[in-house]
Amino acid sequence: MTETLRAIRGMNDILPEVTSTWRYLESVVRDIVQSYGYSEIRLPLLEYTELFKRSIGAETDIVAKEMYTFPDRNGESLTLRPEATAGMVRAGLSNGLLHNQKQKLWTAGPMFRYEKPQKGRYRQFHQFDVEAIGYDGPDVDAELIIMCARLWQRLGMSQLRLEINSLGAPESRRRYRETLIEYFSGVKNQLDEDSIRRLELNPLRILDSKNPDMQAIVAAAPVMLDFLDDESVEHFAGLKRLLDAAGVDYTVNPRLVRGLDYYSRTVFEWITDALGSQGAVCSGGRYDGLVEKLGGRATPAIGWAMGIERFVALYAACGGVVSPIHADVYIVAVGEGTAERAFAVAEALRDSNPSIRVEMNLGGGSFKAQMKRADKSNAEFALIIGEQELADERIGIKPLRSADEQESVALEELASTLIEKIGK
Ligand code: ATP
Ligand code: MG
């Protein structure tokens with residue numbers, strides 16, 4: 001026997017029983033984001049590797065260890081996108097969208113990172129990504145956060161808290177960085193291997209360490225907020241004022257840093273304790289230096305990305321349920337010449353009301369076998385066509401979810417009768 005092929009570890013099939021939930025949640029996010037004036041953009045899954053090296057930063061975990069990188073057939077190095085912001089800015093520049101204009105954009109789709117697969121952490125995962133390019137805030141920072149708060153509220157999701165921080169402008173972060181190197185060098189013998197590697201290259205990332213043994217050292221480290229430049233202090237205060245006025249609760253977490261190099265000033269994370277250790281559901285921040293780093297003019301920008309797998313899991317943990325879509329009616333046809341009639345009836349119903357979901361029995365079978373399938377389809381009604389119905393130009397309507405009697409209606413009354421029963 002031929003061996004069955006496996007799926008790649010950490011890359012999941014999203015099965016029919018959950019796609020309704022995915023579709024529903026994606027549509028709610030999309031509607032909210034669009035109602036704030038953000039437009040969709042669709043981007044390639046592949047970009048030149050250089051894009052991510054230059055934007056995310058060579059010393060980040062993503063670029064150092066997690067990218068799916070391979071040479072194209074002509075030898076150019078390509079990478080499956082690990083996140084969307086870099087591609088978004090690249091697309092803005094490639095298409096002249098940032099030339100004397102601002103952009104409010106969203107995109108969604110799969111991202112790829114070679115991580116250790118576990119609950120809430122996969123190698124192909126999905127993000128909903130929102131970016132405002134050309135805005136220096138803090139109003140837009142607040143808007144992007146308030147938009148998330150509205151989303152949680154609309155979906156009845158309560159088990160989320162908001163943490164915010166400011167990473168300051170490059171100059172103040174440089175001073176902070178030096179102080180951090182000094183501090184961590186002083187306790188170097190207590191640092192783990194990852195942190196030692198980050199010490200010279202990317203000391204802020206040590207603050208993001210998930211190693212429990214490092215927590216005490218991290219907790220005692222100097223904090224960025226003490227190093228902020230005046231403008232960043234004012235910017236951060238402005239954000240807090242707007243969040244306060246909007247009634248959005250937050251905590252300032254002075255140790256919140258993000259895993260990517262390009263962030264500056266505002267960073268934030270929506271976190272839950274309901275999903276175990278993979279608690280970051282939506283993460284965002286300001287990246288005022290990125291457009292310039294990728295060859296554009298100095299342009300402020302900010303965005304967030306939500307992990308759809310974690311979002312879906314949290315929705316379920318908060319009691320959210322979306323029923324799978326099923327047919328309204330299932331057509332059962334038994335006897336000579338009834339299949340042709342069944343098709344005509346099905347298409348006529350679809351003509352009469354495009355929102356009626358009509359499932360046709362396929363592959364024939366006895367009356368009993370077809371009724372069994374009708375029941376399994378979860379349809380509300382079976383529509384029954386036998387030789388008698390064929391001759392009389394009538395059809396049987398049998399309720400499948402109640403004990404009500406089967407009735408027989410003339411074909412020309414079928415659509416109106418059903419619309420009344422189904423309520424469409
Ligand atoms: P984490 O700290 O959990 O690794 P991150 O800081 O790497 O997250 P971002 O790069 O900011 O995450 O991505 C934004 C969001 O995408 C995260 O908040 C999370 O919900 C989701 N996410 C990131 N990596 C994964 C993954 N490997 N599998 C599933 N979701 C992910
Ligand atoms: Mg990560």
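In each ligand, atom 1 is the first atom listed, and ligand 1 is the first ligand listed. In this text the structure is predicted, and so the values were computed from the model without any measurement. We're numbering straight along the sequence, starting at 1.
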Could you see which bit of Asp208 sits under 4.0 Å from ligand 1, with heavy atoms only: side chain, backbone, both or neither? neither
Counting from 1, what ligand 1 atoms have a heavy atom of Ala280 closer than 4.0 Å? 17 (C), 18 (O), 19 (C), 20 (O)
Could you check whether any heavy atom of Glu83 sits closer than 4.0 Å to an atom of ligand 1, since that is the contact criterion I want to use? no
Taking a cutoff of less than 4.0 Å between a non-hydrogen atom of the residue and any ligand atom, is Glu115 in contact with ligand 1? yes
So the atoms of ligand 1 within less than 4.0 Å of a heavy atom of Gly307 turn out to be 15 (C), 16 (O), 20 (O), 21 (C)
Measure Lys210 to ligand 1 on non-hydrogen atoms and call it side chain, backbone, both or neither using the 4.0 Å cut-off. side chain
Give the atoms of ligand 1, by number and element, whose distance to some non-hydrogen atom of Ser283 is under 4.0 Å. 11 (O), 14 (C), 17 (C), 18 (O)
Applying ring-ring contact (aromatic ring centres under 6.0 Å, His included), name anything that partners Phe227, two or more places apart in sequence or on another chain. Tyr176
Any side-chain donor near an acceptor of the partner, Ser166 and Arg265, under 3.5 Å: no
Charged N to carboxylate O below 4.0 Å: is that the case for Arg241 and Glu234? yes
When you measure from the heavy atoms of Gln127 to every atom of ligand 1, does any distance fall below 4.0 Å? yes
Got a sec, which residues hit side chain to side chain contact (heavy atoms under 4.5 Å, CB included) with Ser377, two or more places apart in sequence or on another chain? Tyr330, Glu359, Ala379
